[in-house]
Amino acid sequence: MAMPTLDEAALERRSLARNEVLFRQGDKVGAIYFVEAGRLRLERRTFDGRLLVLGTTPADQFFVEAALFSDIFHCDAVATEPSRVRIYPKTALLGALNADPTSALSFLKLMAHQIIDLRQRLEVMKVRSAEERVRLYLDLHAGPDGRTVTLCSQLQDIASELGLTREAFYRTLASLERAGAIERGGSRILLRKSRDA
């Protein structure tokens, strides 16, 4: 999404080291961010201290857009690798969206895509079986050929997004590979056959 009424070259940037916090739950929202390089993760601690990963955002995407309409952040943001973000001040961005219908429509489209992604995540989380949950996740993330999945997050982050322990996720991937359902290579997974095959 381009913001033609904001001078992007003049916007502040911030570099983050791996595991560096961009903001914490409860911090006042003063901006939203565009990830120029690296990857950021949204996370929250549950009442019993477990870490819940709400999602990850790779380079070339906006980050925490919904916070534009909130007073405080509702989770923590952490760099999963060395990263750089472009900072869009909340007041300036709201002014630009108000003044430029084309940018506002582009922002609305972005938010609609996020809702679709969240609905898919909810669908995955409803599945009880770890194997079926992983299969559904892979089906939903397959590329245009319907068979190739390029993993854009660390496996432990995907496991957390799926509501699985890291160990359960790794065991499930290994089991699917032994069964011939998938073939793994680096950050790619090839779906070998359908569930019914």
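Predicted model only: the values in this text are computed from it and were never measured.
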| query | Which pair of non-hydrogen atoms, one from A59 and one from E36, has the smallest distance, and what is that distance? | reply | CB-O, 3.8 Å

| request: Rounded to the nearest 0.5 Å, what's the gap from CG on L93 to CG on L68? Could you check? | output: 5.0 Å

| query | Could you give the distance from CG (L136) to OG (S129), rounded to the nearest 0.5 Å? | reply | 10.5 Å

| query | Does a salt bridge link E81 with R18, judged by any charged N lying under 4.0 Å from a carboxylate O? | reply | no

| So, K90 side chain and S70 main chain: donor-acceptor pair closer than 3.5 Å or not? | yes

| query | Within the side chain of E161, is there an N or O that forms a donor-acceptor pair under 3.5 Å with the backbone of I158? | reply | no

| request: Using the rule that two of Ile, Leu, Val, Met, Phe, Trp, Tyr join whenever any of their side-chain heavy atoms come within less than 4.5 Å, decide whether I72 and V21 are in one cluster. | output: no

| task | Ignoring hydrogens and angles, tell me if any N or O in the side chain of S160 forms a donor-acceptor pair with the backbone of V53 under 3.5 Å. | result | yes

| task | Please report the C-alpha distance between L51 and R45 in whole Å, then the side-chain angles of each, then the deciding distance to 0.1 Å, and finally whether the side chain to side chain contact (heavy atoms under 4.5 Å, CB included) criterion is met. | result | CA-CA 5 Å; L51 182 65; R45 291 278 171 192; 3.5 Å; yes

| message | Is the shortest side-chain heavy-atom distance between V85 and F34 below 4.5 Å? | response | no

| Sub-3.5 Å donor-acceptor pair from the side chain of S83 to the main-chain atoms of R39, do we have one? | yes

| message | Go through it in stages, so that I can follow the logic: the residues are L42 and V64, the test is side chain to side chain contact (heavy atoms under 4.5 Å, CB included), and I'd like the CA-CA distance, side-chain angles, deciding distance and then a yes or no. | response | CA-CA 9 Å; L42 290 176; V64 297; 3.7 Å; yes

| said: Grouping I, L, V, M, F, W and Y whenever their side-chain heavy atoms are under 4.5 Å apart, do V29 and V78 come out in a common cluster? | reply: no

| Rounded to the nearest 0.5 Å, how far apart are CG of L40 and OH of Y33? | 10.0 Å

| Full working for side chain to side chain contact (heavy atoms under 4.5 Å, CB included) between L191 and T148 | CA-CA 6 Å; L191 306 179; T148 306; over 6 Å; no

| query | If you look at every heavy atom in F63 and I32, which pair is closest and at what distance? | reply | O-CB, 3.9 Å

| request: Supply the atom-to-atom distance R166 CZ to Q156 CD, rounded to the nearest 0.5 angstrom. | output: 5.5 Å

| query | Is the closest basic N to carboxylate O distance between R147 and D145 below 4.0 Å? | reply | no

| message | Is the shortest side-chain heavy-atom distance between V124 and L162 below 4.5 Å? | response | yes

| message | Hydrogens and angles aside, do R135 and Y137 bring a side-chain donor and acceptor to less than 3.5 Å of each other? | response | no

| task | For R86 and L11, work out which heavy atoms get closest and say how close. | result | CD-CD1, 3.8 Å

| Salt bridge present between E43 and R50 (N-O < 4.0 angstrom) | no

| query | In Å, rounded to the nearest 0.5 Å, how long is the span from OG of S106 to CG of D100? | reply | 9.5 Å

| said: Does R171 form a salt bridge (Lys or Arg N to Asp or Glu O under 4.0 Å) with E131? I'd like the steps, not just the answer. | reply: CA-CA 9 Å; R171 277 194 308 269; E131 180 179 326; over 6 Å; no

| said: Could you check whether any side-chain heavy atom of R44 comes within less than 4.5 Å of a side-chain heavy atom of L54, counting everything from C-beta outward? | reply: yes

| Same cluster for L140 and I189 if Ile/Leu/Val/Met/Phe/Trp/Tyr side chains link at under 4.5 Å? | yes

| query | Taking the inter-plane angle between the rings of F23 and F73 on a 0 to 90° scale, is it parallel (under 30°), tilted (30 to 60°) or perpendicular (over 60°)? | reply | parallel

| query | Between Y88 and F62, does the ring centroid distance fall short of 6.0 Å? | reply | yes

| Counting only heavy atoms not in E12, do more than 12 sit closer than 6.0 Å to its CD atom? | no

| field | Cluster overlap M125 with L138, hydrophobic side-chain contacts below 4.5 Å | value | no

| After noting the C-alpha distance and the side-chain angles of V134 and L164, does the key distance pass the side chain to side chain contact (heavy atoms under 4.5 Å, CB included) rule? | CA-CA 9 Å; V134 171; L164 299 172; 3.8 Å; yes

| With a cut-off of 6.0 Å (strictly less than), are more than 12 heavy atoms of other residues, nucleotides or ligands near CZ of R188? | no

| note | dist K28:NZ -> D71:CG (nearest 0.5 Å) comes out at 6.0 Å

| Judged by atom type as modelled, is there a donor-acceptor pair below 3.5 Å linking the side chain of E177 to the main-chain atoms of R184? | yes

